[in-house]
Trainee: 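Could you have a look at this structure, given as structure tokens, before my questions?
These values consider heavy atoms only, across backbone and side chains, with no hydrogens, waters or symmetry-generated copies.
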Amino acid sequence: MNMDTQSVDQTVSAMAEVLAKYLNPEEVRLLTRQWQQYSTVSVKMMQQCVLDATRRYPELQDHKSDIRKGFWDTMQADNQQTADSRSKEISEKIPASEVVGAFYTVMESLSKQLTASESRSLFQAVHQAVSQERTFKGHVIHMGQFLEGNRPPVPDDEYLLNNVIQLVYVCLCDIVGPVEADDILFRAAETAKQSYPKSVVEKLF
């Protein structure tokens, strides 16, 4: 369990939950009020709380190990729930798009198949074509970033990404000729299909 992510309130609540099996509500309240004074959660705090409970209520002595284990189990369950919920929030904020991932893979595969000079000419030409194309108004796609091994932000829109691929094909034909351009794009598509569903990749072409 990560102590840093556990608050004193959460810990005291976990302890109250466990003690409710052994004590009446008023007795639990008396103990928890005392534990609220702690400023941070620590193993020492945990041990002290168990000691406080068994000193004040000697009948708990026989259940000492069960109470200690109950505290830890409850706190770990709460902690895991919090972590899961945070992880879910993050994944909901950043939806993973297979179309965008496939697009990046295609662009990177094209770059690997060309010489440095051809790659530079291609991405510069595509960048210029994208910035002039009316379809992309409102979207800034820095195609030149692929030359630096980066992945520029692109719209999560299969129609727009399909248009970028069409421009790439036109520019590629100018640089290496239509026959070679067909072969290079075919190989790039096949590379993308190794990581993404065939139907997703085909939407780009």
Side-chain angles (χ1 to χ4, degrees), residues 1-108 139-140 142 145 148-161 191-204:
M1 184 193 70
N2 183 356
M3 291 284 187
D4 295 337
T5 59
Q6 200 79 26
S7 73
V8 171
D9 282 345
Q10 282 175 300
T11 308
V12 172
S13 294
M15 293 174 176
E17 195 178 313
V18 173
L19 286 177
K21 298 171 191 170
Y22 307 96
L23 301 170
N24 69 47
E26 187 50 40
E27 290 169 331
V28 173
R29 258 196 301 278
L30 281 170
L31 284 168
T32 53
R33 201 173 299 131
Q34 179 182 333
W35 297 334
Q36 289 287 358
Q37 309 306 313
Y38 286 100
S39 55
T40 57
V41 178
S42 65
V43 173
K44 191 176 177 185
M45 172 202 173
M46 292 282 301
Q47 290 168 337
Q48 189 58 48
C49 290
V50 174
L51 195 61
D52 290 343
T54 50
R55 267 187 188 155
R56 185 175 289 211
Y57 303 102
E59 66 271 25
L60 295 179
Q61 283 288 350
D62 293 343
H63 307 288
K64 201 170 178 176
S65 65
D66 288 340
I67 291 169
R68 190 182 287 112
K69 184 177 182 302
F71 285 165
W72 281 101
D73 288 349
T74 307
M75 284 169 65
Q76 283 179 317
D78 287 349
N79 201 45
Q80 186 57 47
Q81 207 172 5
T82 306
D84 289 347
S85 125
R86 279 185 194 145
S87 164
K88 191 179 173 193
E89 277 172 27
I90 291 165
S91 63
E92 281 170 358
K93 281 180 195 162
I94 312 166
S97 164
E98 290 185 323
V99 172
V100 171
F103 174 79
Y104 286 143
T105 303
V106 168
M107 292 298 109
E108 287 159 1
H139 297 284
V140 180
H142 295 290
Q145 285 191 26
E148 298 159 20
N150 297 325
R151 291 182 163 189
V154 296
D156 189 357
D157 183 319
E158 64 192 52
Y159 170 73
L160 289 176
L161 295 180
T191 300
K193 284 175 190 173
Q194 289 170 18
S195 304
Y196 298 94
K198 184 180 173 185
S199 59
V200 170
V201 177
E202 285 174 352
K203 284 174 186 173
L204 294 173

Trainee: Kindly give the heavy-atom pair with the smallest separation between Y22 and H63, and that separation in Å.
Mentor: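 In this case the closest contact between Y22 and H63 is CE2-CG, 3.5 Å.
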
Trainee: Rounded to the nearest 0.5 Å, how far does NZ of K203 lie from CD of E98?
Mentor: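 It is 9.0 Å, given to the nearest 0.5 Å.
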
Trainee: State which residues pass side chain to side chain contact (heavy atoms under 4.5 Å, CB included) with P153; sequence neighbours excluded, sorted by chain then number.
Mentor: none

Trainee: Assess the residue pair L30 and Y57 against the criterion (side-chain contact (heavy atoms from CB on, under 4.5 Å)); give the C-alpha distance rounded to whole Å, side-chain angles, the decisive distance to 0.1 Å, and a yes or no.
Mentor: CA-CA 12 Å; L30 281 170; Y57 303 102; 4.2 Å; yes

Trainee: Taking Y104 for its side chain and P152 for its backbone only, find out whether a donor-acceptor pair lies under 3.5 Å.
Mentor: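 Yes, Y104 side chain to P152 backbone: donor-acceptor pair under 3.5 Å.
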
Trainee: Output all residues satisfying salt bridge (charged side-chain N to carboxylate O under 4.0 Å, His left out) with E26, sequence neighbours left out; order by chain, then residue number.
Mentor: R29

Trainee: So, using salt bridge (charged side-chain N to carboxylate O under 4.0 Å, His left out) as the criterion, who are the partners of R56 when residues are at least two apart?
Mentor: none

Trainee: Tell me the closest heavy-atom pair linking L23 and L31, and the distance in Å.
Mentor: CD1-CD1, 3.8 Å

Trainee: I need the E202 CD to E158 CD distance, nearest 0.5 Å.
Mentor: 12.0 Å

Trainee: Tell me every residue that passes side chain to side chain contact (heavy atoms under 4.5 Å, CB included) with A192, counting only those two or more places apart in sequence or in another chain.
Mentor: T105, V106, V201

Trainee: Work out which heavy atom in Q37 is nearest to a heavy atom in Q34; give both atom names and the distance.
Mentor: CG-O, 3.1 Å

Trainee: What's the verdict on side-chain contact (heavy atoms from CB on, under 4.5 Å) for M15 and T32, showing C-alpha distance, side-chain angles and the deciding distance?
Mentor: CA-CA 8 Å; M15 293 174 176; T32 53; 5.6 Å; no

Trainee: With E59, which residues qualify under side chain to side chain donor-acceptor pair (under 3.5 Å), at least two apart?
Mentor: none

Trainee: Just jot down the salt bridge (charged side-chain N to carboxylate O under 4.0 Å, His left out) partners of E108, sequence neighbours excluded, or say none.
Mentor: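 If we apply the salt bridge (charged side-chain N to carboxylate O under 4.0 Å, His left out) test to E108, skipping adjacent residues, the hits are R151.
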
Trainee: If you compare all heavy atoms of V100 against all heavy atoms of P155, which two are closest, and at what distance to 0.1 Å?
Mentor: CG2-O, 4.1 Å

Trainee: Between L51 and T54, which heavy-atom pair has the shortest distance, and what is it?
Mentor: O-OG1, 3.1 Å

Trainee: Do L60 and L19 make a side-chain contact, defined as non-hydrogen atoms from C-beta onward lying under 4.5 Å apart?
Mentor: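 Of all side-chain heavy-atom pairs linking L19 with L60, at least one is under 4.5 Å.
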
